[in-house]
Structures are given as structure tokens and as C-alpha cells.
Amino acid sequence: MRTSLHQYLIDNREKNLEELLSWLKIPSISTLSEHRKDVKNAAEWAEKKLQEIGFPEVELIEGEGHPLVYAQWLTDNNQPTLLFYGHYDVQPADPLNEWHTPPFQPYIDKDNIYARGATDDKGQVMIVLAALEAWVKSEGKLPVNVKVLLEGEEEAGGASVEAFVREYGDRLTADAALICDTHMNSVDQPSLIIGLRGILYTEIIVKGAKRDLHSGSYGGVAPNPIHALCLLLSRLKGENGRIDIPGIYVSSVPVSDEEKDFWHRDAEALEKRLLKEMGVEQLVGEKHVSVHGRLGIRPTLEVHGIRGGFIGEGAKTVIPAEALAKVSLRLPAGSRPTEVFKQLEHAVQQKMPKGYTVVVRNLHSGDGVAVSPENRYINAAAEAIAEIYGVRPVFMREGGSIPITALFDSILHIPVVLMGFGLSDDGAHGPNEKFSLNQFYKGMDTVADFLGRLRN
Ligand code: BES
Ligand code: ZN
């Protein structure tokens, strides 16, 4: 990597960190409407930052949802164009009492930055912004043409960006896309991601009597929607971890021998790490499927929350009229969430105890993706990682979802490089989310190096 670039990044570590902290202070929680203004502020922060870097065209695109931030800097027709995507929205911070320091007052100890959004995804977006800035300030210009698309709804389904890509795909023409919103296997064994699962996020609403009832006067004959919901959920996925929705296991993702080998070699270490991170004594789920498989390509069905009845202090003897569960399914690439929604609806009707009405709502969905590990852009990413980390990356899959990835693949037809700098213990979406400072700075070097390798 060029010394001037590297030196610039070293000299500006403090400044880049300060800037990230100011971004992290904005509580841009996309799913909660009371934070609408904050989400917009976080978008404007990014808009200003892109202008400061020197992007000649920067735009805040506002529609019904949260704004998109779009910027482009086309410097040379003879060089390729890279489209960088990231998100500036964050997950809700609850449960607040489990945070050691407030989620929107970033706290730094010697190794990490603690804040909501630190790793997912503001810290990782900042890596790329800093790398772009380093090129402009130290080399005078960007090495390739760059388009930047940042959204503020990724954590809430990403409806606006999907509509934008579908409608204005031609504005996003590029040779490859870069997304930094995933994890690395570890600092000692960096990885590039070649697959993400899709997602279907639903609400299941069960209704019983027309109003809440006294459990003494009606208990024994009245329908109890909470109990019925629990029965339903346990019929959808039993104790052995198998999902009982006909059709759910039809699509499967081909896995190379090399990857299977790695899964095999890494199985024990992975299980050990997971047990430690979760603080549990055994893993649950389908015993006959490898742990890597269960995390990366196997469908899941998870309940995220259940609402209904009395949950206040003390006791209240009531049979509720309604219960609701938030349920998502993770799906392998090739499986179509809209089809799975129909299969789920059907299975729910079949398995629902009698005497209730039940409705399933589709809140959002996104396709999974399998990217090719063989193209010059992924090669450039692998070389940049090898240069900065001193070890060649392994190709891995992540069980999480980034819905835009599948759209870049299917609509823009461009290779996507999933080069993430998170670590598995960052605690994204949970309390005390963190981002490693070492990864923050190494990430900037890696992306700056990667950009240079893209030149023809
Ligand atoms: N950064 C994650 C995606 C991710 C998660 C990658 C875990 C690798 C491992 C992203 O911000 C995210 O959380 N996506 C959501 C998408 C959903 C709300 C449509 C997810 O996976 O839950
Ligand atoms: Zn996330």
C-alpha cells in the first residue's frame, strides 16, 4: 500500500474517530417513528461528510420513508466504477438497563467504541468514508469512479432503497458493489462473505373472545389466545429445531468442498466460541446439520417477541382477548420469501387450535444471496486483506441479511464484495454493541488499499 495513504490515515485517526463519535450520538432508530427527525439528522450528517470529502454531486433523496443519501464522483472513463452501499440507521437500543454506558453517548475504552451503531453500520461506513477521503487528500483524487448509496431503513426492511434501485437502477450503473456490514471470522483469520440468508418478517395475531374475561368466571371454557399462540409456535418448530412448514427445506445452497472442509476443521472452535459468547452450556437446533450450516444456509424460525394479556406488576386474573407474536424466518439464497409467506400462512391455518381466528402479516422480506467468489473485485478484496492482515481471507457465509445485496445481483447484475470488519463478539442489535478500534483503523487501510487495486 502507498506510504502516503497509510501515513495520512495514521495522522488522521483522531479526527476520524471524533467524526464517528459525532455520528454515533444521533439516535437514528429507523423502526421507531418518534426518531424520524434523528434519522434525518444522521442522513444530513452523511451528506455533509460526503461534501467535505469533495464529492461534486451529493443528494439527499427524500420520499415517504427515511431519506437516501446518494453521491457520485466520476473521475475517469477508463477506470471502473465502484458502488458503495451502507446504512446509517440503527436498531432500537432496548433493554436500556443492560447497557453499561448510554447507547447514544459513545464510550471508548482502550480497545473498543461502545455505542448503538458502532459496528452495525456507522463504524463500518466511516471506514469507507475515511479511506475515500485519504485518497482525495493524499493522492489528489479517487483512484476509480465512486458512487455512494446510503440508506436509513436497512434495519426496518429497506422499502425505500428497494424502490429506488428498481426505479432508478440506471443511475447506479457500476462495475461492482462494496458493502461493509458483516463480520470477520477473527482478526487472525479474516474472511470475506460469499453468502447471506434472506428474511421474512411477520406478525401472527390470534384472537379469542370479543373482550378480556375474568379467569374465574370463564376459565375452563374460554379460548386463551396466548396459550393457543404458544401451541401454534411449538407446532411450527419443535424441540428438535425442525421447522414444520411444507416446502421450507426445498431450496438448498450448493457448498464447495473447500468450504465444507473449513466447516469441518472449524466446527469445534466455532461451537466453543458460540457457547462462550452466548453464555450457555449447549447449542440448540438440528443436531444432524453442522453448526456452520445451521448458521449460514439453513432456514430458521425465530420468535422475537410475544405480546398479550397482563404483564404489569403483581397479579391480575384475566383471560386476554388477543395475543401477538413477532416471528421471522431466515431463508437460504434461492428460496423466495413471498412464496414462503404463503406456505407459512397455510401452515398456520392448519396448525392453529380450533376456536380462534388468526392472521399473519408480512412486515418485510428480502432475498438471500450467494455471490461468486471468483472475479477481479473479490480477488482485489482478498489481496487487500492479505496485505493488511498478513493472512489470506477465507470465504464464509453469514446468517444475517442485507436485502439490497440480492437486488444488486439481480437488478444491477454486478458482483458484490461483502468485506466486513465487525467481529463476532461485537454484539450488534444487543446491549453494549461495540466496534474494535483496531478493526476500525485496519479497515481503513484495507479499503484504501482495495480501492487502489481496482485501477485498470
Ligand atoms: N449488519 C447486519 C447484517 C448482518 C447480520 C450481517 C449478521 C452479518 C451477520 C444488518 O444491519 C442487519 O441487521 N440486517 C437485518 C436485515 C433485516 C432487518 C431485513 C437482519 O439481518 O436482521
Ligand atoms: Zn443490523
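Both counts, for ligands and for their atoms, begin at 1 and track the order of listing. The first residue of the sequence shown is numbered 1, and numbering continues consecutively from there.
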Between W263 and H292, how do the two ring planes meet: parallel, tilted or perpendicular, split at 30° and 60°? parallel
Pick out the protein N or O atoms lying less than 3.5 Å from any N or O of ligand 1, and list each pair with its distance.
residue: ligand 1; atom: 1 (N); partner: D120; partner atom: OD1; Å: 3.2
residue: ligand 1; atom: 1 (N); partner: D181; partner atom: O; Å: 2.9
residue: ligand 1; atom: 1 (N); partner: D181; partner atom: OD1; Å: 2.8
residue: ligand 1; atom: 1 (N); partner: D181; partner atom: OD2; Å: 3.2
residue: ligand 1; atom: 11 (O); partner: H87; partner atom: NE2; Å: 3.0
residue: ligand 1; atom: 11 (O); partner: D120; partner atom: OD1; Å: 2.8
residue: ligand 1; atom: 11 (O); partner: D120; partner atom: OD2; Å: 3.3
residue: ligand 1; atom: 11 (O); partner: E154; partner atom: OE1; Å: 2.8
residue: ligand 1; atom: 11 (O); partner: E154; partner atom: OE2; Å: 3.4
residue: ligand 1; atom: 11 (O); partner: E155; partner atom: OE2; Å: 3.1
residue: ligand 1; atom: 11 (O); partner: D181; partner atom: OD2; Å: 3.3
residue: ligand 1; atom: 13 (O); partner: E155; partner atom: OE1; Å: 3.2
residue: ligand 1; atom: 13 (O); partner: H429; partner atom: NE2; Å: 2.8
residue: ligand 1; atom: 14 (N); partner: E154; partner atom: OE2; Å: 3.0
residue: ligand 1; atom: 14 (N); partner: S401; partner atom: O; Å: 2.8
residue: ligand 1; atom: 21 (O); partner: R330; partner atom: NH1; Å: 2.7
residue: ligand 1; atom: 21 (O); partner: R330; partner atom: NH2; Å: 3.4
residue: ligand 1; atom: 21 (O); partner: S401; partner atom: N; Å: 2.9
residue: ligand 1; atom: 21 (O); partner: S401; partner atom: O; Å: 3.3
residue: ligand 1; atom: 22 (O); partner: R330; partner atom: NH1; Å: 3.4
residue: ligand 1; atom: 22 (O); partner: R330; partner atom: NH2; Å: 2.8

Side-chain polar contacts of residues 331-345 - donor-acceptor pairs under 3.5 angstrom, sequence neighbours left out - could you list them?
residue: E339; atom: OE2; partner: K342; partner atom: NZ; Å: 3.4

Please confirm whether H66 and Y88 have ring centers closer than 6.0 angstrom. no
Identify whether NZ of Lys or CZ of Arg in K147 sits under 6.0 Å from the centre of the six-membered ring of F84 and within 45° of that ring's axis. no
Protein-derived N, O or S atoms lying under 2.8 Å from the Zn ion (ligand 2), waters excluded: 4
Aromatic contact between F421 and H183, with the criterion being ring centroids under 6.0 Å apart: yes or no? no
Note: D425-K276 ion pair, threshold 4.0 Å (strictly below): no
Can you give me every donor-acceptor pair (side chain of residues 191-200, partner residue at least two apart or in another chain, under 3.5 Å) with its distance?
residue: S191; atom: OG; partner: N185; partner atom: N; Å: 2.8
residue: R197; atom: NE; partner: G399; partner atom: O; Å: 3.0
residue: R197; atom: NH1; partner: R294; partner atom: O; Å: 3.0
residue: R197; atom: NH1; partner: R298; partner atom: O; Å: 2.7
residue: R197; atom: NH2; partner: L295; partner atom: O; Å: 2.9

Hey, can you tell me if H364 and Y201 have their rings parallel, tilted or perpendicular (30° and 60° cut-offs)? tilted
Aromatic ring pairing Y107/Y114, orientation class (parallel under 30°, perpendicular over 60°, tilted between): tilted
